[in-house]
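All residue numbers refer to positions in the sequence shown, counting from 1.
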Amino acid sequence: MDQATSDGEPLCVIYALSIDGETHRYVGMTQIGAQARLRIHLKTGRAPTLPSARWIKKHRLLGHEIKSVVLEVCTPETIGDREAAWIVLLRGQGFDLLNVTVGGRGGLPGHVHSAEARAKMSARMKGRTLDAEWRAKLSAANAGRPGRPVTEATRQKLRAAHAHRAPMSEEQKARQSAAMTGRKLTAEHRAALVAGAKKRPPQSEETRRKRSETLQGHRLSDDAKAKISAARSRYEAEKRGLSITEDMVRGIRRASDAGVPISALAERFHLPYNQTWRIARRRSWAHVE
């Protein structure tokens, strides 16, 4: 592999970005040449997410030229260490660098945002909704991507975090309920859920025992029972291809209480006899008064 471009520019270098060529604001490493890397910086500066990209965008809007200065020509084997060394050196000399890491091959995964930065990101994301096109792009990008295996140590951390998590407030519950109310799963989504459930390994005896112990003595509220009944009734109706509304349920019960036979009601509302009987006797759709 050639170590220089056709113009003689070295490829494997440590470079610095600045306005005047002397007041360095960012140090980076590249194996494609400093000018080629600068062109990439200028493109990413259009949609800035990092401090260096925001700095580039600001000065380009002011009409300033971003310059790339080669600090050192090095080899691919030492480029990571040399970048880290230059960051330490320039910061020690008082340069206000925009690098968010200490450099080297580690990259951004080791970077930890401050509490202030996390608060700003949280405020910026609140109330933000993804449109259908963006959701489709995310889905296409993640399709077929293998999931990362979760180690037992990670599982223990998740359990510990869940155990100390504060219960949801009534406001949070109301928001979740409002978001899910009336939401219907597509046939494709239902098929994916069924396929995923079939692949799931059966629960161990220990897991079943723990769930049983957790649920012992637990009583459902009347509100919870009504919600479960409503969900079950809707599911049964959808499974049979029936179109049942709450007004139909009330009409069936009023007529049944007035003495109209179940067979006549089933014929009037175009429902199976058993389904009509269950509605009239409040065995199904019990949540409807």
Would you sort out whether Ser52 and Leu17 count as a side chain to side chain contact (heavy atoms under 4.5 Å, CB included), showing the intermediate values?
CA-CA 9 Å; Ser52 57; Leu17 300 182; 5.8 Å; no
Are [Y] and [X] connected into the same hydrophobic cluster when the rule is that any two of I, L, V, M, F, W, Y join if their side-chain heavy atoms are below 4.5 Å apart?
{"X": "Phe95", "Y": "Leu89", "result": "yes"}
{"X": "Val260", "Y": "Met248", "result": "yes"}
{"X": "Tyr15", "Y": "Ile19", "result": "yes"}
{"X": "Met168", "Y": "Leu158", "result": "no"}

Test side chain to side chain contact (heavy atoms under 4.5 Å, CB included) on His24 and Trp86 and set out the steps.
CA-CA 11 Å; His24 306 313; Trp86 272 103; over 6 Å; no
From [X] [atom1] over to [Y] [atom2], what is the distance, rounded to the nearest 0.5 angstrom?
{"X": "Tyr26", "Y": "Asn99", "atom1": "OH", "atom2": "CG", "answer": "5.5 Å"}
{"X": "Ile279", "Y": "Leu265", "atom1": "CD1", "atom2": "CG", "answer": "10.0 Å"}
{"X": "Trp55", "Y": "His64", "atom1": "CH2", "atom2": "NE2", "answer": "10.5 Å"}
{"X": "Ile252", "Y": "Ile262", "atom1": "CD1", "atom2": "CD1", "answer": "8.5 Å"}
{"X": "Ser18", "Y": "His59", "atom1": "OG", "atom2": "NE2", "answer": "10.0 Å"}
{"X": "Leu11", "Y": "Arg37", "atom1": "CG", "atom2": "CZ", "answer": "14.0 Å"}

Is it the case that over 12 heavy atoms from other parts of the model lie below 6.0 angstrom from the [atom1] atom of [X]?
{"X": "Glu116", "atom1": "CD", "result": "no"}
{"X": "Arg91", "atom1": "CZ", "result": "yes"}
{"X": "Glu267", "atom1": "CD", "result": "no"}
{"X": "Glu152", "atom1": "CD", "result": "yes"}

Under 3.5 Å, side chain of [X] to main-chain N/O of [Y], donor-acceptor pair present?
{"X": "Gln31", "Y": "Pro76", "value": "no"}
{"X": "Gln172", "Y": "Ser169", "value": "yes"}
{"X": "Ser122", "Y": "Arg118", "value": "no"}

Which heavy atom of [X] sits nearest a heavy atom of [Y], and at what distance?
{"X": "Gly251", "Y": "Phe269", "answer": "C-CZ, 4.3 Å"}
{"X": "Ile87", "Y": "Leu97", "answer": "O-CD1, 3.9 Å"}
{"X": "Arg253", "Y": "Ser284", "answer": "NH2-O, 3.0 Å"}
{"X": "Val27", "Y": "Glu83", "answer": "O-OE2, 3.7 Å"}
{"X": "Ser256", "Y": "Ala280", "answer": "OG-CB, 3.7 Å"}

Close side-chain approach of [X] and [Y], heavy atoms under 4.5 Å:
{"X": "Gln176", "Y": "Lys173", "answer": "no"}
{"X": "Arg208", "Y": "Ser212", "answer": "no"}
{"X": "Arg39", "Y": "Gln35", "answer": "yes"}
{"X": "Val13", "Y": "Leu71", "answer": "no"}

Between the side chains of Glu246 and Arg250, is the shortest nitrogen-to-carboxylate-oxygen separation below 4.0 Å, so that they form an ion pair?
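Answer for the salt bridge query: yes.
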State plainly whether the residues Asp20 and Lys67 are in salt-bridge range, i.e. N to O under 4.0 Å.
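So Asp20 does not pair with Lys67 through a salt bridge.
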List the steps, then state whether side chain to side chain contact (heavy atoms under 4.5 Å, CB included) holds for Met29 with Arg82.
CA-CA 9 Å; Met29 60 180 176; Arg82 295 309 303 156; over 6 Å; no
Going by the side-chain contact (heavy atoms from CB on, under 4.5 Å) test, name the single residue among Leu42, Leu61, Leu38 that passes it with Ile56.
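The side-chain contact (heavy atoms from CB on, under 4.5 Å) with Ile56 is passed solely by Leu42 among Leu42, Leu61, Leu38.
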Is there a side chain to side chain contact (heavy atoms under 4.5 Å, CB included) between His41 and Ile66 once you walk through the steps?
CA-CA 10 Å; His41 276 295; Ile66 308 298; over 6 Å; no
